[in-house]
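Numbers for residues simply follow the sequence, beginning at 1.
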Amino acid sequence: MARHLITSALPYINGIKHLGNMVGSMLPADVYSRYLRQRGHDVLYICATDEHGTPAELAAKEQGLPVAEFCGKAHDAQKAVYDGFGLAFDHFGRSSSAQNAELTQHFARKLNENGFVEERAIRQVYSPADGRFLPDRYVEGTCPHCGYDKARGDQCENCTRVLDPTDLINPRSAISGSTELEVRETKHLFLLQSKLQVEVEEWIARTAGEWPQLASSIARKWLTEGLHDRAITRDLDWGVPVPADTWPELAAEGKVFYVWFDAPIEYIGSTKEWSDENPADRDWKSWWYKADDVRYTQFMAKDNVPFHSVMFPATEMGVREPWKKVDYLKSFNWLTYYGGKFSTSQKRGIFTDAALEILPADYWRYFLIANAPESDDSSFTWEHFAATVNKDLADTLGNFVNRVLSFSRKRFGDDVPAGKEAGEAEAKLGTEIAGLLAEYEAQMEALQFRKAASALRALWSAGNSYLEEKAPWLEIKTDPEAAALTLRTAMNLIHLYAVVSEPFIPASSKAMRGAFALADDTATWVTAEQAAALDTVPAGTAFTVPPVLFAKITEEDLESYRERFGGAPE
């Protein structure tokens, strides 16, 4: 089986993330990782908190904490939420790690040796009120391209255009709010991306053909506009320091590397963190260096695509070492809240910690993946969420499990009944299930998550259709053996659902699987032959009726959710 390296965009350290961040990177990466592991592949899923740069400094300042202490607490808080969502990272690291600092400095030195780094004097925004140069994220203002009045000095989150602080209209300090800003001269290191343009173009031409159109079009748009040399250092107190052995003057001035230079390197750094925890059994380099047998898939929202499709590959090329580059970049549009932006300040939208307070993770996991913003932005509404949960999870899957097991227990006791030999209806069902399973597998292999959710839903619906057709509650009156066959077949469907639904709803799948006291239940997936036969759970197997898998969301629930989180933006 293949080796699969999977990374999702690093979440910023400054606060708990909203559902849009979850569905745009980490959750689909987890679903795909789980699926590949179940199919027998060697999988390494890596992520980390992105801890350097101005977001960390500003958030720490707001809380009155040293930045290192703030980052440590924030990392643990984020990890707790991701654990609650069932994200099965192999390692969830920190970009402030010693491993990332070592690798970042190595990359910078190699780029310099190869003529791709240059020290330049530039004019940069300085705030007399703050007594310091302001790195790009410390400057806010109006975007010159779209007019958004809260654009940052590195990127406009509204139109995603990459900016420099001096591009902003009516700039102000993000620290003090002062508009009395000056432009002074200072020295920084620049990555000469312009010298790598042709190499990146050739690589994109070879690689991006199979990427989603969203990702490939963003990458090609950047290349069409031309790669520009870009500063990779900043005037900050927190970050990977510029190595004194290579740039003594800049190191003496306290320069650190730009967060978007060191953050992608943390994918490698986090893998080394993982390896260093158990070096006898783990080899981080085999996943990244001369890793021709590894397929590397990245997951991210569209605003992160430029950095991962062009800037980081350019960095890897300039090092002139055989570091692994992405094979498939899975990009997502944005999840909105009633068509508007999630907003912490306006108390609008759902953030991941609050989501887990009101409903179990599987409710969110299924809804988000089934409505993933793959081809366009998608809008979260409480009404749509409730309709999806109630129809797909509570009625189609949960009710099927409960009524099959409850009815069988009532009529036949605590063991799977034997009944008749499988007949024409069961053969027809088996053929249908095998076909639907193949469709589900095909969509998962293609990383088409909404279509995969649709195929999974069709599998669940097939069981309901079979049950309605056979009607064991009627069969029991005239032919108990026929009713027993129907229930035994349905129980085999429940076990099949437990196995193949795990990437989407792992906790519920565990509960379904645990309902059967199988002596040796080690199956990780279901073959086409097993799907057609539906005989994994033999007659005589003891079973229990698990608690209700999914409770319906009521109108009263909806009213309380809207009151707490806000409804449609005005």
Side-chain angles (χ1 to χ4, degrees), residues 1 34-41 43 86 88 360 362 366 393 396-423 425-427 429-434 436-438 440-441 444 456 459-460 462-464 466-467 470 472 480-550:
M1 290 293 181
R34 286 176 176 273
Y35 170 76
L36 290 175
R37 289 190 189 105
Q38 286 186 258
R39 300 306 306 273
H41 297 288
V43 178
D362 282 358
Y366 177 77
L393 296 180
T396 304
L397 177 61
N399 188 47
F400 177 81
V401 173
N402 183 262
R403 65 175 174 160
V404 166
L405 297 180
S406 297
F407 186 74
S408 186
R409 184 180 187 183
K410 180 180 179 181
R411 294 305 184 115
F412 295 101
D414 293 332
D415 294 336
V416 176
K420 295 181 175 180
E421 291 294 320
E426 288 68 40
L429 174 66
T431 300
E432 180 185 9
I433 291 296
L436 290 171
L437 179 61
Y440 176 51
E441 292 170 349
M444 288 292 282
L456 181 60
L459 277 164
W460 300 341
N464 283 275
Y466 169 76
L467 207 62
K470 293 296 294 292
E481 291 296 292
L485 164 62
T486 299
L487 292 169
R488 188 183 82 235
T489 303
M491 289 188 197
N492 273 279
L493 276 176
I494 291 172
H495 188 270
L496 180 146
Y497 295 160
V499 174
V500 303
S501 302
E502 183 183 331
F504 281 69
I505 47 173
S508 305
S509 292
K510 183 178 180 181
M512 285 189 283
R513 195 160 180 163
F516 302 102
L518 291 171
D520 187 25
D521 189 8
T522 59
T524 58
W525 199 249
V526 179
T527 66
E529 292 75 16
Q530 290 169 333
L534 290 174
D535 59 0
T536 303
V537 183
T541 302
F543 71 90
T544 58
V545 182
V548 174
L549 292 177
F550 301 100

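Side-chain atoms of Thr541 come within 3.5 Å of backbone atoms of Pro538 as a donor-acceptor pair (strictly under, hydrogens ignored). Remark: side-chain polar atoms of Ser408 are not paired, donor with acceptor, to backbone N or O of Val404 under 3.5 angstrom. For the pair Tyr497 (side chain) and Val401 (backbone), a donor-acceptor distance under 3.5 Å is absent. Put simply, the side chain of Tyr440 never gets that close to the backbone of Ser501: no donor and acceptor are under 3.5 Å apart.
Contacts of Phe412 classified as ring-ring contact (aromatic ring centres under 6.0 Å, His included), with partners at least two apart in sequence or in another chain: none. Contacts of Asp521 classified as side-chain hydrogen bond (donor to acceptor under 3.5 Å, both in side chains), with partners at least two apart in sequence or in another chain: His495, Arg513.
When every heavy atom of Ala515 is checked against every heavy atom of Leu405, the shortest pair comes out as CB-CD1, 4.2 Å. Between Tyr466 and Thr486 the shortest heavy-atom distance is OH-CA, 3.4 Å. Considering all non-hydrogen atoms of both residues, Asn492 and Asp535 come closest at OD1-C, 3.2 Å. Minimum interatomic distance between Asp362 and Leu393 (heavy atoms only, all atoms of both residues): O-CD1, 4.2 Å. In terms of heavy-atom proximity, Ala531 sits nearest to Val526 at N-CG1, 3.7 Å.
We find that Arg37 and Glu502 are not joined by a salt bridge, their nearest charged nitrogen and carboxylate oxygen being 4.0 Å or further apart.
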request  = List the steps and the verdict of side chain to side chain donor-acceptor pair (under 3.5 Å) for Tyr35 and Glu441.
outcome  = CA-CA 9 Å; Tyr35 170 76; Glu441 292 170 349; 5.3 Å; no

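We find the CD1-CD distance between Ile433 and Gln530 to be 13.5 Å, quoted to the nearest 0.5 Å.
Remark: aromatic rings of Tyr366 and Trp460 are close, center separation under 6.0 Å.
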